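For reference, the structure discussed in these notes is given below.
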Amino acid sequence: MAAQTTHLSLTVPEPSVRPGDMPDFSGMQVPEAGSVRRPPVDERPENMRDLAFTIVRVLDDTGDATGPWTPDLSVAELQAGLRHMMKLRVYDARMLIAQRQGKTSFYMQHLGEEAISCAFRGALLPGDMNFPTYRQAGLLIASGYPMVSMMCQVYSNDGDSARGRQLPVFYSSKEHGFFSISGNLATQYIQAVGWAMASAISGDTQIAAAWIGDGSTAESDFHAALVFASTYKAPVVLNIVNNQWAISTFQGIARGDAQTLAARGLGFNIPSLRVDGNDYLAVRAAADWAAERARRNLGPTLVEYVTYRSGGHSTSDDPSAYRPRDEGSAWPLGDPVMRLKTHLVRLGAWSEERHVQAEAEFLEEVIAAQKEAEAIGTLHTGRRPSVRDIFEDVYAVMPPHLRRQRQQAGV
Ligand SMILES: Cc1ncc(C[n+]2csc(CCOP(=O)(O)OP(=O)(O)O)c2C)c(N)n1
């Protein structure tokens with residue numbers, strides 16, 4: 001009897017819309033703010049699986065904070081949070097222009113994702129360590145890292161602590177809990193787990209935070225990190241920033257729509273939250289919850305922040321080639337800066353005038369920092385690191401063959 005023949009084929013996931021189409025987020029389920037329960041931090045993971053399939057939200061459409069996840073933040077802390085996000089946005093805008101002016105070779109902005117890194121920073125204590133990607137500079141801004149130092153790195157000038165050896169935006173500051181960024185996606189995720197394991201092995205109290213984008217969860221280091229984190233119950237917060245896009249690739253390619261990215265943690269019995277990434281209060285609440293679990297030695301937590309990459313992937317990218325131009329404005333979770341601003345206005349702790357004034361102040365501050373950094377140098381002007389620096393720090397002690405190469409280079 002002849003077997004029935006099926007011609008096999010592969011499935012290639014496609015986004016529902018492309019340039020020229022109407023944006024379509026109708027498939028996205030957005031729960032009411034305040035409607036998701038908040039389990040105790042020592043909840044057993046099997047009793048909170050529902051948290052990986054919803055979206056924790058605090059700020060409602062009118063700007064009120066509501067529900068069990070509302071974090072206990074003072075007005076001053078909320079204002080500081082808004083300022084950090086605004087400052088990051090102004091910084092991004094200026095550096096984007098600087099790249100277009102040829103002052104740097106490359107830049108990557110955070111537009112629409114400011115709440116995530118800015119709010120998360122507040123949950124950490126001195127000595128804790130982030131293992132960020134290139135899209136969490138809010139961690140630095142919210143920790144008071146000097147903007148001039150950030151710019152010097154972007155300009156690869158003589159003020160760059162990386163001595164011009166790294167791509168722009170690959171910052172590094174041990175003192176500010178910001179591990180050196182590397183271009184190889186996902187490598188930092190497993191390193192964060194190792195750092196957290198080391199902290200536990202040496203009986204310390206510091207915790208680690210791992211960061212990854214939706215696309216990069218497809219890397220094997222992501223999976224290795226989950227194995228080690230769950231096996232040893234390492235004190236680490238495993239953050240996934242789901243901004244819907246990995247350059248031109250929509251999150252469905254990395255299977256973000258096969259259940260959720262938060263649900264990846266459930267197979268490892270890691271408590272997993274899915275959070276509104278454009279809601280400063282929700283991000284902070286989730287970060288506090290996860291950080292407390294890590295500090296109380298209850299093990300890792302996985303947090304997926306649902307957000308949208310409103311800008312291009314980088315200065316080398318034109319998103320209008322692969323998605324509708326106005327998709328960002330159709331994003332159902334709104335703009336993180338506007339949402340926190342509205343909340344503060346509702347509290348009577350901010351106003352339209354204050355906002356405009358703050359924007360002007362930040363522009364002035366960023367321009368002043370820019371003048372200072374550019375006085376040292378930009379990509380093509382001023383003082384740059386010595387060619388000798390190329391040969392330094394490859395090893396702790398320079399081996400003879402590098403010494404010879406340095407001589408050949410005439411430096
Ligand atoms: C191992 C590796 N593969 C590919 C790249 C090229 N690359 C740089 S960024 C990027 C997209 C990452 O997307 P995602 O993880 O979603 O983060 P996002 O840029 O959206 O923040 C790719 C493919 C790389 N840097 N490293």
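Fair warning: this is a prediction, and the values are worked out from it, not measured in the lab. Counting starts at 1 for both ligands and their atoms, in listed order. We count residues from 1, following the sequence as given.
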Determine whether L379 and Y155 make a side-chain contact, defined as any pair of heavy atoms from C-beta on separated by less than 4.5 Å. no
Write out the residue and atom name of the closest protein heavy atom to atom 17 (O) of ligand 1, then the distance separating them to 0.1 Å. Y134 OH, 3.4 Å
What I want to find out is whether E392 reaches R163 closely enough, with some N-O distance under 4.0 Å, to be called a salt bridge. no
Need the ligand 1 atom indices (1-based, order shown) with element for anything under 4.0 Å from a heavy-atom of R135. 18 (P), 19 (O), 21 (O)
Please check if atom CZ in F228 has more than 12 non-hydrogen atoms from other residues, nucleotides or ligands closer than 6.0 Å. no
Is any N or O atom of E113, backbone or side chain, closer than 3.5 Å to an N or O atom of ligand 1? no
Salt bridge check, R165 against D393: does any charged N sit closer than 4.0 Å to a carboxylate O? yes
Closest approach of any protein heavy atom to atom 15 (O) of ligand 1, naming residue and atom: S216 OG, 2.5 Å
Between K87 and the options E365, E114, E359, E361, the side-chain hydrogen bond (donor to acceptor under 3.5 Å, both in side chains) test singles out E365
With ring centroids as reference points, do W211 and F120 lie under 6.0 angstrom apart? yes
What atoms of ligand 1 come within less than 4.0 Å of a heavy atom belonging to G183? 24 (C), 25 (N), 26 (N)
Atom CG of D61 with >12 non-hydrogen neighbours under 6.0 angstrom: no
Write out the residue and atom name of the closest protein heavy atom to atom 7 (N) of ligand 1, then the distance separating them to 0.1 Å. L185 CD1, 3.6 Å
Atom indices of ligand 1 within 4.0 angstrom of D214 heavy atoms, with elements: 15 (O), 16 (O)
Ligand 1 to H313 polar contact by distance, N or O atoms, under 3.5 Å: yes
Is it true that atom CZ of R406 has more than 12 heavy atoms of other residues, nucleotides or ligands lying nearer than 6.0 Å? yes
Under 3.5 Å donor-acceptor, T260 side chain and A52 backbone: yes
Of all protein heavy atoms, the one nearest atom 16 (O) of ligand 1 is G215 N, 2.8 Å
Nearest protein heavy atom with distance in Å, relative to atom 11 (C) of ligand 1: I247 CG1, 3.6 Å
Checking a contact table here: which protein heavy atom is nearest atom 13 (O) of ligand 1, and how many Å away? A246 CB, 3.2 Å
Counting non-hydrogen protein atoms only, what is the nearest one to atom 1 (C) of ligand 1? Give residue, atom name and distance. E219 OE2, 3.4 Å
Could you list the atoms of ligand 1 found under 4.0 angstrom from a heavy atom of N243? 18 (P), 20 (O), 21 (O)
Is it the side chain, the backbone, both or neither of Q251 that has a heavy atom closer than 4.0 Å to ligand 1? neither
For M147 and V366, the nearest pair of non-hydrogen atoms, with its separation, is SD-CG2, 3.6 Å
W245 contact mode with ligand 1 (heavy-atom cut-off under 4.0 Å): backbone
